[in-house]
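Computed from a predicted structure; not experimentally measured. Just so you know, residue 1 is the first one in the sequence shown, and it goes up from there.
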Amino acid sequence: MELLWQRPRRKTLVDWPEDVDTRLDVLVRAAAAAGEQTSRSQVLAALVTAAEVRPAAIAELLHSYRQMPVDALEADNAREDLPSVRSPGRTRGRR
């Protein structure tokens, strides 16, 4: 059986706030805490495939995101209880 995650890849440039990028790293660390060995791209793909393809649901997600205060992710992005994960390849630099 062919699996979706093993299909040919496409690189996608994502431009988003640094706090959101940090949140993605936290999600990878949370997966590691659950015993999963994964990557940022697999976490993103899992989230995209889990999203409802319903206009009202997508609109609600967008409205919620666009109204988040600057410190909305601060607590989760500072989680010290999750394991650190080193991703293979080049290290992304912070500005």
Side-chain angles (χ1 to χ4, degrees):
M1 173 173 66
E2 189 174 16
L3 300 175
L4 178 61
W5 76 272
Q6 296 172 324
R7 299 280 297 153
R9 308 299 239 182
R10 179 175 180 177
K11 289 191 183 288
T12 303
L13 175 65
V14 178
D15 182 32
W16 55 20
E18 287 183 7
D19 287 353
V20 174
D21 193 64
T22 301
R23 172 62 168 237
L24 179 55
D25 289 334
V26 170
L27 295 176
V28 172
R29 292 171 53 208
E36 292 293 327
Q37 183 176 348
T38 192
S39 65
R40 291 166 49 95
S41 63
Q42 284 186 348
V43 170
L44 279 174
L47 293 171
V48 168
T49 59
E52 280 187 67
V53 183
R54 210 170 38 87
I58 299 300
E60 185 178 332
L61 288 172
L62 286 167
H63 291 242
S64 178
Y65 167 68
R66 291 176 180 155
Q67 294 182 15
M68 282 185 168
V70 171
D71 62 351
L73 303 177
E74 218 168 74
D76 278 344
N77 286 355
R79 296 273 303 259
E80 296 293 329
D81 61 319
L82 299 174
S84 62
V85 176
R86 185 180 183 296
S87 56
R90 293 176 31 174
T91 304
R92 292 182 322 278
R94 297 282 186 214
R95 293 180 204 166

To the nearest 0.5 Å, what is the distance between [atom1] on [X] and [atom2] on [Y]?
| X | Y | atom1 | atom2 | answer |
| --- | --- | --- | --- | --- |
| R10 | S41 | CZ | OG | 14.5 Å |
| L44 | Q42 | CG | CD | 10.5 Å |
| E74 | D19 | CD | CG | 7.5 Å |
| T49 | W5 | OG1 | CH2 | 13.5 Å |

Spell out, as yes or no, whether a donor-acceptor pair under 3.5 Å connects the side chain of [X] to the backbone of [Y].
| X | Y | value |
| --- | --- | --- |
| S64 | E60 | no |
| N77 | V26 | no |
| R29 | R79 | yes |

Connected via hydrophobic side-chain network under 4.5 Å: [X] and [Y]:
| X | Y | value |
| --- | --- | --- |
| L47 | L62 | no |
| V43 | W16 | yes |
| L24 | V20 | yes |

Testing the basics here: between A31 and T38, what is the closest heavy-atom pair and its distance to 0.1 Å?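 That closest heavy-atom pairing would be CB-CG2, 3.7 Å.
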Audit row: R54, I58, side-chain contact (heavy atoms from CB on, under 4.5 Å) steps and yes/no: CA-CA 6 Å; R54 210 170 38 87; I58 299 300; over 6 Å; no
Dump the intermediate steps for side-chain contact (heavy atoms from CB on, under 4.5 Å) on L73 and T22, then the final yes or no. CA-CA 9 Å; L73 303 177; T22 301; over 6 Å; no
Take V28 and E36 through the test side-chain contact (heavy atoms from CB on, under 4.5 Å) and record every step on the way to the result. CA-CA 9 Å; V28 172; E36 292 293 327; over 6 Å; no
Would the number of heavy atoms belonging to other residues, nucleotides or ligands and lying under 6.0 Å from CD of Q37 be above 12?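 Atom CD in Q37 is not packed in, count stays at 12 or less.
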